[in-house]
Amino acid sequence: MTTSVFKSDKKTFFDPAKVTVFFILGGPGAGKGTQCARLVQDFGFSHLSAGDLLRAEQVREGSEYGELIRTCIREGTIVPSEVTVNLLKNAMAAAIAEDHEGEGWTEGRGRFLIDGFPRKLDQAEMFEVEICPASLILFFDTTEEVMLARLLERGKTSGREDDNVESIKKRFRTYKEQTMPVIELYEKYNKVAQIDSTASIEEVHKHASAAVMKVLAP
Ligand code: UDP
Ligand code: MG
């Protein structure tokens, strides 16, 4: 059974004996989404991007968080944890409720790549204590120069309000100030697989898959 980095006697919402969670971190443009798509093909994960869930909530009719999310995303700041954790919890429950028999899943089981989360220590704690402890952090690491170039390229077609130089700079700052401490904490518990994501998609995928394999089939 996976033990949490955070101490608590409470039972989590999902049973860690049945539900496996990998957190996927790395700066904006580090390649998280691209690599997650590849890992889904290999290992039958459900891929949940916190940013995508927030963007969907932002435009959902009747959402009380639309404006708040829009502002945070543009400013590169972090949406209050309750909002994001709740979206993730609901998306996980929905994925588990689907019929995954063909993929060899049995009832109540799930394997998740939680992409772009936790970006801040309080999110990590809230998720691990209330929702489910994480088995491993996959940390995709490259230089700001590489990330900037990738984001500007993506910005040509992504339609994302935050793929512009001004927002990107703010996102880099949030990443360094708030997200790096999360990675450093997990490092102390040997729960980080750091992968240089400067190389080709294929090369990075090889390393990512090896790290995942170690956890799934020890
Ligand atoms: N975001 C957030 N909390 C999260 C994940 C994302 O507030 O847990 C917001 C934040 O403003 C971030 C934006 O969503 O800058 C875009 O996140 P996404 O993960 O899509 O960006 P990526 O890092 O993949 O480029
Ligand atoms: Mg992404």
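Reckoned from all heavy atoms, side chains included, excluding hydrogens, waters and symmetry mates. When a ligand or atom number is given, it counts from 1 through the structure's own listing order. Note that the coordinates shown come from a computational prediction; the quantities given were computed from them, not determined experimentally.
Ligand 1 is never approached by Gly33 to a heavy-atom distance shorter than 4.0 Å. At least one heavy atom of Arg154 sits less than 4.0 Å from an atom of ligand 1.
For ligand 1 and Arg160, the ligand atoms under 4.0 Å from any heavy atom of the residue are 16 (C), 18 (P), 20 (O), 21 (O), 22 (P), 25 (O). Those atoms of ligand 1 with a heavy atom of Lys32 less than 4.0 angstrom away are 22 (P), 23 (O), 24 (O).
Proximity of Asp162 to ligand 1, defined as any heavy-atom pair under 4.0 Å, is confined to the side chain (atoms from C-beta onward). Contact annotation: for Leu54 versus ligand 1, heavy atoms closer than 4.0 Å belong to the side chain alone. Contact annotation for Lys120 and ligand 1: no heavy atom of the residue comes within less than 4.0 Å of the ligand.
Heavy-atom neighbours of Ile201 CD1 from other residues, nucleotides or ligands within 6.0 Å: at or below the threshold of 12.
The existence of a salt bridge linking Arg74 and Asp162 is excluded, since no basic side-chain nitrogen approaches an acidic carboxylate oxygen closer than 4.0 Å. Arg55 has a carboxylate O that lies under 4.0 Å from a charged side-chain N of Asp52, or vice versa, which qualifies the two as a salt bridge.
Atom 15 (O) of ligand 1 has Arg171 CG, 3.9 Å as its closest protein atom, hydrogens excluded (heavy atom only). Closest to atom 7 (O) of ligand 1 among all protein heavy atoms lies Val79 N, 2.7 Å. At the top of the distance list for atom 13 (C) of ligand 1, counting protein heavy atoms only, stands Ile73 CG1, 3.9 Å. The single protein non-hydrogen atom nearest to atom 17 (O) of ligand 1 is Arg119 NH2, 3.3 Å, given as residue, atom name and distance. Of all protein heavy atoms, the one lying nearest to atom 11 (O) of ligand 1 is Thr77 O, 2.6 Å. Here the protein heavy atom with the shortest distance to atom 20 (O) of ligand 1 is Arg55 NH2, 2.7 Å.
With ring centers used as reference points, Phe45 lies under 6.0 Å from Phe22.
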Evaluate the criterion ring-ring contact (aromatic ring centres under 6.0 Å, His included) for residue pair Phe23 and Phe139; output intermediate values, then yes/no.
-> CA-CA 8 Å; Phe23 288 149; Phe139 169 33; over 10 Å; no

Stepwise side-chain contact (heavy atoms from CB on, under 4.5 Å) check, Arg119 with Val182 = CA-CA 7 Å; Arg119 274 172 143 86; Val182 175; over 6 Å; no

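The closest heavy-atom contact to atom 8 (O) of ligand 1, among the options Glu75, Gln123, Gln178, comes from Gln123.
Checking side-chain atoms of Gln35 against main-chain N and O of His205 turns up a donor-acceptor pair under 3.5 Å.
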